[in-house]
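To start, the structure under review is shown below, and the notes come after it.
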Amino acid sequence: MPPYPPVIPDSHDPLTFPPQSGLGKECPQLHSWLEGSAHCLPTVARMVFESFVHVLVTEELLRHVWEGERNGRDGGHRFGLGREGKTEFPEQWDLEMVRLSIVEVLSKPQVIQVRRGGVVCIRQVGRVVMTVWLVRSRKNLYVQKAFPLSGDGVYQNLDGLRVSRPLDLSVLEA
């Protein structure tokens with residue numbers, strides 16, 4: 001068995017991304033918020049897909065996601081870290097798998113949500129649903145946070161207990 005959960009190819013994944021309708025120029029809220037900072041791929045049947053593959057995944061971001069900040073509240077999703085309220089990556093994931101999963105979400109998000117102050121991208125990577133939050137600084141986008149929502153080996157720390165968060169694909173449904 002490979003050390004990392006496989007990334008399920010689009011052609012074999014029944015829930016993988018269809019081009020998202022209502023995005024880009026057809027969605028003034030997203031297009032105006034991004035102001036051209038997202039890459040639009042060709043339209044298919046009047047549908048547009050926004051790619052954020054150009055957004056950098058920095059060492060600082062990876063440290064934040066993996067170990068977290070000294071305040072004990074921000075970041076920190078490494079397996080076994082035990083931060084209250086945080087989900088944790090599966091035990092077999094290492095920092096490189098986290099980096100690759102963030103890149104995968106940014107390049108092919110299955111769900112894109114515009115929220116006050118940012119864009120949330122969600123994608124299933126292997127048997128884990130990942131979330132990546134983007135925020136804008138001047139005219140650039142950057143990753144503010146990234147974490148697992150659910151999946152094989154994903155736990156959340158609640159009131160001192162580790163609670164399993166089994167794979168939940170309902171967040172990928174429109």
Steps toward side chain to side chain contact (heavy atoms under 4.5 Å, CB included) verdict (Val132, Val120): CA-CA 6 Å; Val132 176; Val120 178; over 6 Å; no
Candidate pair Val103 and Val57, rule side chain to side chain contact (heavy atoms under 4.5 Å, CB included), full reasoning: CA-CA 7 Å; Val103 169; Val57 178; 4.0 Å; yes
Stepwise side chain to side chain contact (heavy atoms under 4.5 Å, CB included) check, Val128 with Trp93: CA-CA 11 Å; Val128 173; Trp93 281 36; 3.7 Å; yes
Step-by-step side chain to side chain contact (heavy atoms under 4.5 Å, CB included) determination, Val163 to Tyr155: CA-CA 5 Å; Val163 179; Tyr155 290 89; 6.0 Å; no
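Interatomic distance, CD1 of Ile102 versus CG of Leu56, reported as 12.5 Å (0.5 Å rounding). The line from CG of Leu169 to OG of Ser150 is 7.0 Å long, rounded to the nearest 0.5 Å. For the atom pair CD of Glu59 and CH2 of Trp66, the computed distance is 13.0 Å after rounding to the nearest 0.5 Å. Between the CG atom of Leu134 and the CG atom of Leu141 there is a distance of 5.5 Å, given to the nearest 0.5 Å. The CH2 atom of Trp133 lies 9.0 Å from the CD1 atom of Ile122; values are rounded to the nearest 0.5 Å.
Linking Ile, Leu, Val, Met, Phe, Trp and Tyr residues whenever their side-chain heavy atoms come within less than 4.5 Å places Leu62 and Phe52 in a single cluster.
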Hey, can you pull the donor-acceptor pairs under 3.5 Å for the side chains in residues 81-90, sequence neighbours left out?
| from | atom 1 | to | atom 2 | distance (Å) |
| --- | --- | --- | --- | --- |
| Arg83 | NH1 | Glu69 | O | 3.2 |
| Arg83 | NH1 | Asp74 | O | 3.1 |
| Arg83 | NH2 | Glu67 | O | 3.4 |
| Arg83 | NH2 | Glu69 | O | 2.8 |
| Glu84 | OE1 | Asp159 | N | 3.1 |
| Glu84 | OE1 | Gly160 | N | 3.4 |
| Glu84 | OE2 | Asp159 | N | 2.8 |
| Lys86 | NZ | Arg73 | O | 2.8 |
| Thr87 | OG1 | Pro148 | O | 2.6 |
| Glu88 | OE1 | Gly80 | N | 2.8 |
| Glu88 | OE2 | Leu81 | N | 3.3 |
| Glu88 | OE2 | Gly82 | N | 2.7 |
| Glu88 | OE2 | Asn157 | ND2 | 2.9 |

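Under a 3.5 Å cut-off, the side chain of Ser137 and the backbone N or O of Asn140 do not form any donor-acceptor pair. The backbone N or O of Gly68 sits less than 3.5 Å from a side-chain atom of Arg63, completing a donor-acceptor pair.
The side-chain heavy atoms of Val143 and Val55, taken from C-beta on, include a pair separated by under 4.5 Å. In this structure, Arg162 and Phe79 have side chains that are in contact, with non-hydrogen atoms separated by less than 4.5 Å. Between Leu61 and Val65 there is a side-chain heavy-atom pair separated by less than 4.5 Å. Proximity of Leu149 to Thr131: side-chain heavy atoms (C-beta onward) are separated by under 4.5 Å at one or more points.
Contact detail for Leu172 and Gln124: the closest heavy-atom pair is CD1-CB, 4.0 Å. Residues Pro109 and Cys121 share a closest heavy-atom pair of CB-CB, 3.8 Å. In plain terms, the two heavy atoms of Met130 and Ser101 that are nearest each other are CE-OG, 3.5 Å. Residues Val171 and Val111 come closest through the heavy atom pair O-CG2, 3.5 Å.
Residues passing the ring-ring contact (aromatic ring centres under 6.0 Å, His included) test with His64, sequence neighbours excluded: none. With sequence neighbours excluded, no residue forms a side-chain hydrogen bond (donor to acceptor under 3.5 Å, both in side chains) with Gln144.
The residues Glu96 and Arg99 are annotated as salt-bridged, a charged nitrogen and a carboxylate oxygen being separated by less than 4.0 angstrom. Salt bridge status for Lys108 with Glu104: present, with a side-chain N to carboxylate O gap under 4.0 Å.
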